[in-house]
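The block underneath contains the structure these notes are about, expressed in structure tokens.
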Amino acid sequence: MSANGPAENPSPSSGTPAGHAPAAARPTLLVIYTGGTIGMVRDPKTGALAPFDFDHLVDNVPRLARLDYHLGRVQFHPAIDSSNMTPIHWAAIASAIAENYDAYDGFVVLHGTDTMAYTASALSFMLEGLAKPVILTGSQLPISDIREDGTTNLVTALQIAAARDAAGDPMVREVAISFGDTLLRGNRATKESSTEFGAFHSFNYPALATMNLHIRFREEFLWRPNPTGKLTTHTKLDPAVSVVFLHPGITEGSLRAQLAEPGIKAFVLRTYGAGNAPTTPWFTSAIKDAVQGGRIIVNVTQCPDGGVEETRYDTGDALAAAGVISGLDLTCEAAVTKLMYLLGLGLSAPEVTSAMQRSLRGELTEL
Ligand code: ASP
């Protein structure tokens, strides 16, 4: 698809506006449409939303033709509600990016909001050495509704994917979520609202850009890895990961049953506050038994803001003594997908433990 039209090439402004390179060639962007509310249509009788195809979406955004971009497209068949996303879909998205990497300046992934933070986190690990923008967006209301947020989100995501820095290189060289008025690092983002147009937040890392009257990049926070110049795509994730969510009153039977789930190699343990858990002897021994039985357990707090400091309280210390790895300030989404990625690489438990403490793609703050 090519969106030709009257020449209008909106140039997003940067936090350092003087540093913008003049618009070079016409940006070439690939839009990967997976589904989600942005392209859904309402059943006139029930009002329920169901996924629809990409043409429907484009028909509802005639102003796309006014962007002087060349837009290619890849569409998921069928388009899906993101509640149905799996690591197989993540591999399909990563492969679509890898196959088209040289031909496009950037990539915009249209995705449902419900699991967008998981997909963004997974892609950040799967796309090693990424040096081009991969921008995920979607919407809270379908683009075909009279009042909606999808058009602005889509246009803004395309403009961000097309943005260049002073040297003429892509401004964003990482996987990010563009939603409402903020651009967030994908593996730091969490869906925080099912009703607000600003559905996502990054509690432990600053926004990469704000999008109001101007798009203002905060270049000091953008991911600038040492570019190898080469993209390595890891599509083999190991889904043998599960999440155990603590709550007062959790029983020994429930905890042991979860930790003994056949085939599961690693758990994200959602703890309280600074990474605390009960110190009751049965609790500690259930955790110890699981670790000694070869399970990897990563401590991630239930608090969206802040992280795990296991040595701050006895209740966290006990977990560390039982062999639980601190997830530092990882989001749950990043912890789950990072474990799937590391296990997919075939790493041993000590190697996974060490990698979980290091920032691979800017997903955590190292101690
Ligand atoms: N259930 C939808 C999805 O995640 C919600 C949305 O797109 O906002 O696909």
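Remember, it's 1-based here, ligands and their atoms both numbered in the order they're listed.
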Notebook entry, point to check: Under 3.5 Å between some N or O of ligand 1 and some N or O of S139?
Noted result: yes

Next item on the list: Mind listing the closest non-hydrogen atom pair of Y69 and R26 along with its distance?
Entry: O-NH2, 3.3 Å

Next item on the list: Below 4.0 angstrom from a heavy atom of G36, which ligand 1 atoms are there? Numbered from 1 as shown, please.
Entry: 7 (O), 9 (O)

Check: ligand 1 and K191, any nitrogen or oxygen pair closer than 3.5 angstrom?
Finding: no

Next item on the list: Apply the test side chain to side chain donor-acceptor pair (under 3.5 Å) to residues S139 and N153: give CA-CA distance (whole Å), side-chain angles for both, the deciding distance (0.1 Å), then the verdict.
Entry: CA-CA 7 Å; S139 68; N153 283 350; 5.7 Å; no

Notebook entry, point to check: For atom 5 (C) of ligand 1, what is the nearest protein heavy atom, given as residue, atom name and distance?
Noted result: T37 OG1, 3.3 Å

Notebook entry, point to check: Identify the closest protein heavy atom to atom 8 (O) of ligand 1: which residue and atom is it, and at what distance?
Noted result: T113 OG1, 2.4 Å

Check: Could you go step by step and tell me if S124 and N187 meet the side chain to side chain donor-acceptor pair (under 3.5 Å) rule?
Finding: CA-CA 7 Å; S124 76; N187 56 34; 3.1 Å; yes

Margin query: For ligand 1 and T115, I'd like to know whether there is a polar contact (N/O to N/O, distance under 3.5 Å).
Written below: no

Next item on the list: Would you mind telling me which of E363, M340, H234 makes a side-chain contact (heavy atoms from CB on, under 4.5 Å) with F125?
Entry: E363

Item checked: Electrostatic pair R164:D169 at N-O distance under 4.0 angstrom -> no

Check: Just checking, any donor-acceptor pair under 3.5 angstrom between side chains of T28 and H70?
Finding: no

Item checked: Within-cut-off N or O pair, S82 and ligand 1, under 3.5 Å -> yes

